[in-house]
Novice: 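The structure is given below, and queries will be raised subsequently.
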Amino acid sequence: ASIPDAESELREILEAQGILSLLVAPLRAGGELIGLIGFDYVREPSELSWIDVDVLMTIADTVAAALYRRDAEAHVRPVDRRDPLTGLPDEGHFRERLAETVADLRSGRARVRPPLAAEDRCVIVAITDVDRFADVNIAHGLAVGDAVIREIAGRLAASAGPADLVARFGSDEFAVLVDGDRRRDTAEGVAERVRAAIIEPVVHADRRIRVQASVGVYSSVDDPAVVSDILTAALTARAEAKQRGGGAVVCFDADLGSRADRRRLLAEELVHKLRRWRHPSVQRREQRTCELLPLGHGLLVGGLFGLAGLP
């Protein structure tokens with residue numbers, strides 16, 4: 001049909017649908033027509049203006065860009081979530097895998113590879129770092145420090161079982177997830193395996209570099225905690241290992257958790273009291289707020305006073 005005939009047929013179709021006015025704009029992306037967008041009036045005819053056209057074209061451009069971006073992202077390869085220095089999975093990957101393992105245990109699912117019955121599964125998480133690793137960088141240089149980290153990463157990966165995951169959280173910090181067999185895997189055994197992989201001297205360019213490791217472990221054979229609580233427990237145990245002088249292995253238990261809770265409550269109480277404290281020799285109107293920044297188990301207390309020479 002000719003264009004006038006086509007327009008007439010289109011008008012008849014629209015009127016049959018009760019559409020009295022219609023404004024349509026193309027959706028273009030990547031140099032191609034990917035669709036149409038428009039709005040219509042079904043109650044009464046409307047005199048459409050150039051303002052209406054501008055508004056619709058702006059909407060069309062926005063929608064086309066969003067559709068193009070969605071299609072492009074659908075074809076992008078997944079991000080390789082690995083540490084560039086060691087090739088190990090990063091912390092985000094570790095957290096996702098830990099969440100999947102916890103969900104499996106709670107739902108009573110058996111392990112697929114290698115096969116393991118649901119009732120025999122347990123989850124063990126060890127977090128470790130190299131004691132005084134900064135000394136290695138200072139004494140031997142950053143390049144040697146990187147070599148030490150790569151060597152430790154390789155040893156940890158080699159010592160892991162087929163269902164385990166070793167990740168680098170950053171700097172000299174590593175984490176090991178054991179989706180284990182409760183009949184033979186223990187927190188102590190995993191921790192000692194991790195520690196043994198680190199304390200063996202690293203030989204680099206005719207140098208023998210000795211390091212120690214503090215290891216904290218969480219283990220659950222029944223109903224595991226949520227991911228954040230598991231990691232907090234392992235970190236608490238590692239902090240205890242460092243307080244013992246480093247080179248130690250500590251397994252998280254209820255007593256350690258209670259002591260950590262008491263320290264946390266004491267720190268919160270100290271923060272509350274220090275926020276309310278006022279120096280007796282300074283009037284309230286002359287003081288500024290005291291800033292308290294919690295850092296781990298300690299406190300960095302910055303008293304910012306308007307007058308100089310105060311203690």
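A quick note: this is a predicted structure, and the numbers were derived from the prediction, not measured.
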Novice: T86 and D83: side-chain donor and acceptor closer than 3.5 Å?
Specialist: yes
Novice: Closest heavy-atom contact between F252 and A237?
Specialist: N-CB, 3.9 Å
Novice: Could you tell me if the side chain of V217 sits less than 4.5 Å from the side chain of V250, heavy atoms only?
Specialist: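 Of all side-chain heavy-atom pairs linking V217 with V250, none is under 4.5 Å.
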Novice: Would a single hydrophobic cluster contain both V130 and I127, if residues Ile, Leu, Val, Met, Phe, Trp and Tyr are joined by side-chain heavy-atom contacts under 4.5 Å?
Specialist: no
Novice: Can you name the closest pair of heavy atoms from V166 and A160 and give their distance?
Specialist: CG2-CB, 3.8 Å
Novice: Is the shortest side-chain heavy-atom distance between R111 and D104 below 4.5 Å?
Specialist: no
Novice: Do you know the tightest heavy-atom contact between A213 and T128?
Specialist: CB-OG1, 3.7 Å
Novice: Is R210 salt-bridged to E200, cutoff N-O under 4.0 Å?
Specialist: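 Salt bridge between R210 and E200, a charged N being under 4.0 Å from a carboxylate O: no.
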Novice: Can you see which heavy atom on A241 is nearest to which on A248, and at what distance?
Specialist: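 In this case the closest contact between A241 and A248 is CB-O, 3.6 Å.
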Novice: Table please: side-chain donor-acceptor pairs of residues 190-198 below 3.5 Å, with sequence neighbours left out.
Specialist:
residue, atom, partner, partner atom, Å
R193, NE, S159, O, 3.4
R193, NH2, D164, OD2, 3.3
R195, NE, G247, O, 3.2

Novice: Are L85 and V211 in one and the same hydrophobic cluster, where Ile, Leu, Val, Met, Phe, Trp and Tyr link if side-chain heavy atoms are under 4.5 Å apart?
Specialist: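 Yes, L85 connects to V211 through the hydrophobic network.
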Novice: Can you tell me how far apart CG (L98) and CG (L165) are? Round to the nearest 0.5 Å.
Specialist: 9.5 Å
Novice: Identify whether V176 and V148 are in the same connected component of the hydrophobic contact network (ILVMFWY, side-chain heavy atoms under 4.5 Å).
Specialist: yes
Novice: Between atom OG of S219 and atom CD1 of I230, what is the distance when rounded to the nearest 0.5 Å?
Specialist: 10.0 Å
Novice: Can you list every ring-ring contact (aromatic ring centres under 6.0 Å, His included) pair that touches residues 90-131, not counting sequence neighbours?
Specialist: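 As it turns out, the ring-ring contact (aromatic ring centres under 6.0 Å, His included) pairs with a partner in residues 90-131, which skip direct neighbours, are F94-F169.
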Novice: Any pair with a residue in residues 130-150 that passes salt bridge (charged side-chain N to carboxylate O under 4.0 Å, His left out), sequence neighbours left out, goes on the list, sorted by first then second residue, please.
Specialist: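 Qualifying pairs, neighbours excluded: D131-K242.
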Novice: Can you tell me which residue pairs pass the ring-ring contact (aromatic ring centres under 6.0 Å, His included) test with a partner in residues 183-214, sequence neighbours excluded?
Specialist: none
Novice: Quick one: side-chain contact (heavy atoms from CB on, under 4.5 Å) partners of R184, sequence neighbours excluded?
Specialist: D181
Novice: Work out which heavy atom in S220 is nearest to a heavy atom in C122; give both atom names and the distance.
Specialist: O-CB, 3.4 Å
Novice: Output the distance between atom CZ (F174) and atom CG (D129), rounded to the nearest 0.5 Å.
Specialist: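 Result: 9.5 Å between the selected atoms.
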Novice: Are the side chains of V226 and V102 in contact, using a 4.5 Å heavy-atom criterion?
Specialist: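 Result no, sub-4.5 Å side-chain heavy-atom pair not found.
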Novice: Membership question, hydrophobic clusters at under 4.5 Å side-chain separation (ILVMFWY): are V249 and L235 in the same one?
Specialist: no
Novice: One thing to verify: whether E240 and R259 come together as a salt bridge, which I'm taking to mean a side-chain N less than 4.0 angstrom from a carboxylate O.
Specialist: yes
Novice: Would a distance-only check, ignoring hydrogens and angles, find a side-chain to backbone donor-acceptor pair under 3.5 Å from R121 to R109?
Specialist: yes
Novice: Would you confirm whether R262, through its side chain, and L265, through its main-chain N or O, come within 3.5 Å as a donor-acceptor pair?
Specialist: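 Checked: no pair found.
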Novice: Could you tell me the separation between the CD1 atom of I124 and the CG atom of D185, rounded to the nearest 0.5 Å?
Specialist: 5.5 Å
Novice: Salt bridge check, E91 against R81: does any charged N sit closer than 4.0 Å to a carboxylate O?
Specialist: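 No, R81 and E91 are not salt-bridged.
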Novice: In sequence, state the C-alpha distance, the side-chain angles, and the governing distance for V125 and L231, and then conclude on side chain to side chain contact (heavy atoms under 4.5 Å, CB included).
Specialist: CA-CA 8 Å; V125 171; L231 295 178; 4.3 Å; yes
Novice: What is the minimum heavy-atom distance between L88 and A153, and which atoms define it?
Specialist: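 Smallest heavy-atom distance, with atoms named: CD1-CB, 3.5 Å.
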Novice: Roughly how far, to the nearest 0.5 Å, is CD1 of I199 from CZ of R155?
Specialist: 9.5 Å
Novice: Evaluate the side-chain proximity of I209 to H140: yes if any heavy-atom separation is below 4.5 Å, no if none is.
Specialist: yes
Novice: Nearest 0.5 Å, please: how far is CG in L142 from CD1 in I149?
Specialist: 11.5 Å
Novice: Would you confirm whether R168, through its side chain, and R82, through its main-chain N or O, come within 3.5 Å as a donor-acceptor pair?
Specialist: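 Absent.
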Novice: Salt bridge or not for D120 and R183, using N-O below 4.0 Å?
Specialist: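 Judged by the 4.0 Å cut-off on N to carboxylate O distance, D120 and R183 do form a salt bridge.
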Novice: Who pairs with S228 by side chain to side chain donor-acceptor pair (under 3.5 Å), at least two apart in sequence or on another chain?
Specialist: none
